[in-house]
Protein chains: 2
Amino acid sequence: MPSRATYHHGDLHRALLVAAEAELIEKGIEGFTLRGVARRAGVSHAAPAHHFKDTAAMLTALAAVAAKRLTETTTRRREAAPHDPRSRFLASGAGYIDFALENPALFMLLFGSGRPDSDDPELVRHAGAAFTDLVDRIAAITGKDPLADAEGRLDVAAAWSLVHGVASLLIAGRMKSLRPTTDADRDAWLRRLIERILPD
Amino acid sequence: MPSRATYHHGDLHRALLVAAEAELIEKGIEGFTLRGVARRAGVSHAAPAHHFKDTAAMLTALAAVAAKRLTETTTRRREAAPHDPRSRFLASGAGYIDFALENPALFMLLFGSGRPDSDDPELVRHAGAAFTDLVDRIAAITGKDPLADAEGRLDVAAAWSLVHGVASLLIAGRMKSLRPTTDADRDAWLRRLIERILPD
DNA sequence: TCACTAGTCTTTACGACGTAAACATGGCAC
DNA sequence: GTGCCATGTTTACGTCGTAAAGACTAGTGA
């Protein structure tokens with residue numbers, strides 16, 4: 001069925017991840033299908049088994065990619081921002097939300113579905129980096145380690161919750177009546193929103 | 001295959017919803033199966049078709065139940081709270097989070113999956129009631145209609161986002177290192193968290 | 001009272017899916 | 001060169017969602 005110049009693909013592992021992302025974006029997490037991914041990559045439906053134990057493993061690998069990309073997005077935004085701690089915090093938070101809006105399927109895969117194995121080392125590593133980034137932003141503002149006491153942990157929980165909540169509700173389309181109508185106003189709106197949770 | 005006193009079930013529509021909730025809780029949104037629901041209700045796998053057009057319709061009906069129960073929970077908590085606006089807001093928010101913690105599968109079905117039809121009138125009605133409750137809590141604090149101006153809508157967006165974010169992240173198990181270890185401290189912790197987003 | 005109709009449930013059937021096992025191919029280490 | 005084994009294919013099996021056709025019965029209208 002699959003027609004290809006060579007019997008062996010060459011880089012099927014990577015190709016499958018690319019195909020998997022396309023499949024996820026197009027079909028959503030519900031319609032995601034291993035056989036569909038294989039078709040997209042031009043191989044037989046059983047070929048992925050040699051690279052991913054099962055569907056969950058493939059989704060786990062994809063979630064790790066998502067976590068990595070999320071961290072890259074917040075980092076890039078932060079580095080482009082003014083260097084004062086508050087601006088950097090706002091930029092990082094806006095980056096989190098932008099990632100969600102630009103990659104809703106990946107974001108939902110990462111946070112909203114129980115499908116990826118959340119103990120996977122690669123996933124833990126990249127998700128941990130995103131968390132560390134958040135903690136660092138807050139540390140820069142308060143001047144102490146937020147994880148050291150209950151108040152600091154509350155700072156972290158509140159900031160993450162707000163940003164994550166905005167992202168989730170925007171993606172789910174539940175904030176249509178609250179957010180600004182034009183995309184141009186979105187960024188300013190997001191910043192004003194995030195400002196409300198800034199620690200002193 | 002199914003053995004029952006009478007050929008006709010009598011109240012299969014309701015029984016299917018009960019079975020569907022059990023199926024959702026036990027198998028999760030991923031493992032949710034129409035045939036599994038039918039087995040649970042003791043009918044043939046095709047019987048549900050006479051009561052729900054397809055799987056999505058069944059999940060939509062279940063989501064409407066979830067939305068209704070969410071509103072009931074926040075209402076109950078609010079009514080049990082002291083009558084000052086801030087206490088009532090805190091109680092309502094804590095109710096939202098409690099609902100999520102007590103019904104994680106229903107909460108994720110309602111907000112985190114694209115499976116229910118979000119245009120379903122019954123679902124819109126109950127979800128709208130929950131939203132109205134939130135707006136009313138904020139109106140009671142600020143003394144004006146929050147939806148009337150941009151600042152008020154920002155109040156609503158921020159409050160909803162924080163509460164929704166906490167609920168989502170707690171359910172996903174991503175706040176283990178931030179939340180208090182004992183359940184006894186949880187309520188106080190939640191209140192301190194929600195306080196941070198209270199409008200003036 | 002008694003057919004008949006419409007609604008409810010079952011049976012059967014079909015294509016798609018995930019997974020496993022047996023088989024084919026060819027890259028690469030020796 | 002040769003043989004191993006990772007990589008890909010084929011075949012097979014059980015489960016799923018959905019549709020169509022048949023069995024049963026409650027309720028309606030004559």
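To find a chain, count down the sequence lines: A is the first, B the second, and so on, and within it residues start at 1.
- Here the side chain of B/Leu34 is nearest to one of C/dT19, D/dT18, C/dT10, namely D/dT18.
- For the contact set between residues 26-33 of chain A and DNA chain D, defined by any heavy atom under 4.0 Å, there are no members.
- Each ring-ring contact (aromatic ring centres under 6.0 Å, His included) pair with one or both residues in residues 16-50 of chain A, not counting sequence neighbours, would appear here, but there are none.
- Take the nearest nucleotide of DNA chain C for A/Arg39 and for B/His45: the residue whose nucleotide is more 5' is B/His45.
- Sorted by first and then second residue, the salt bridge (charged side-chain N to carboxylate O under 4.0 Å, His left out) pairs involving residues 163-174 of chain A (not counting sequence neighbours) form an empty list.
- Among residue pairs with one or both ends in residues 131-150 of chain B, those qualifying as ring-ring contact (aromatic ring centres under 6.0 Å, His included) are B/Phe131-B/Trp160; sequence neighbours excluded.
- The nearest whole Å value for the distance from the CD atom in B/Glu23 to the C1' atom in D/dT15 is 13 Å.
- Counting only residues at least two apart or in different chains, side chain to side chain donor-acceptor pair (under 3.5 Å) contacts with residues 56-72 of chain A comprise A/Glu21-A/Arg69, A/Lys68-A/Glu72.
- Around atom CZ of A/Arg86, no more than 12 heavy atoms belonging to other residues, nucleotides or ligands sit under 6.0 Å away.
- Residue pairs meeting the salt bridge (charged side-chain N to carboxylate O under 4.0 Å, His left out) criterion with at least one member in residues 105-122 of chain A, sequence neighbours excluded: A/Arg115-B/Glu30, A/Glu122-A/Arg125.
- Between A/Phe107 and A/Tyr96, the angle of the ring planes goes over 60°, which puts this pair in the perpendicular group of the 30/60° scheme.
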Under 3.5 Å, sequence neighbours excluded: what are the donor-acceptor pairs made by side chains of residues 190-200 of chain B?
from	atom 1	to	atom 2	distance (Å)
B/Arg191	NE	B/Asp187	OD2	2.9
B/Arg191	NH2	B/Asp187	OD2	3.4
B/Arg192	NH2	A/Glu151	OE1	2.3
B/Arg196	NH1	A/Asp155	OD1	2.4
B/Arg196	NH2	A/Glu151	OE2	2.7
B/Arg196	NH2	A/Asp155	OD1	3.2

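- Residue pairs meeting the ring-ring contact (aromatic ring centres under 6.0 Å, His included) criterion with at least one partner in residues 175-200 of chain A, sequence neighbours excluded, are absent.
- Side-chain atoms of A/Ala46 lie closest to D/dT9 of the nucleotides D/dT9, C/dT19, C/dC9.
- Looking at the side chain of B/Ser44, the nearest of the listed nucleotides C/dT10, D/dT11, D/dG17 is C/dT10.
- Residues of residues 11-19 of chain A having a heavy atom closer than 4.0 Å to DNA chain D, listed by number: A/Leu12.
- Looking at residues two or more places apart in sequence or on another chain, you find no side chain to side chain donor-acceptor pair (under 3.5 Å) involving A/Asp54.
- Across the protein-nucleic acid pair, B/Leu59 atom CG and D/dG17 atom P stand 10 Å apart, rounded to whole Å.
- Not counting sequence neighbours, A/Ser161 has no partner by the side chain to side chain donor-acceptor pair (under 3.5 Å) test.
- Within residues 50-58 of chain B, the residues having any heavy atom under 4.0 Å from DNA chain C are, by residue number, B/His50, B/His51.
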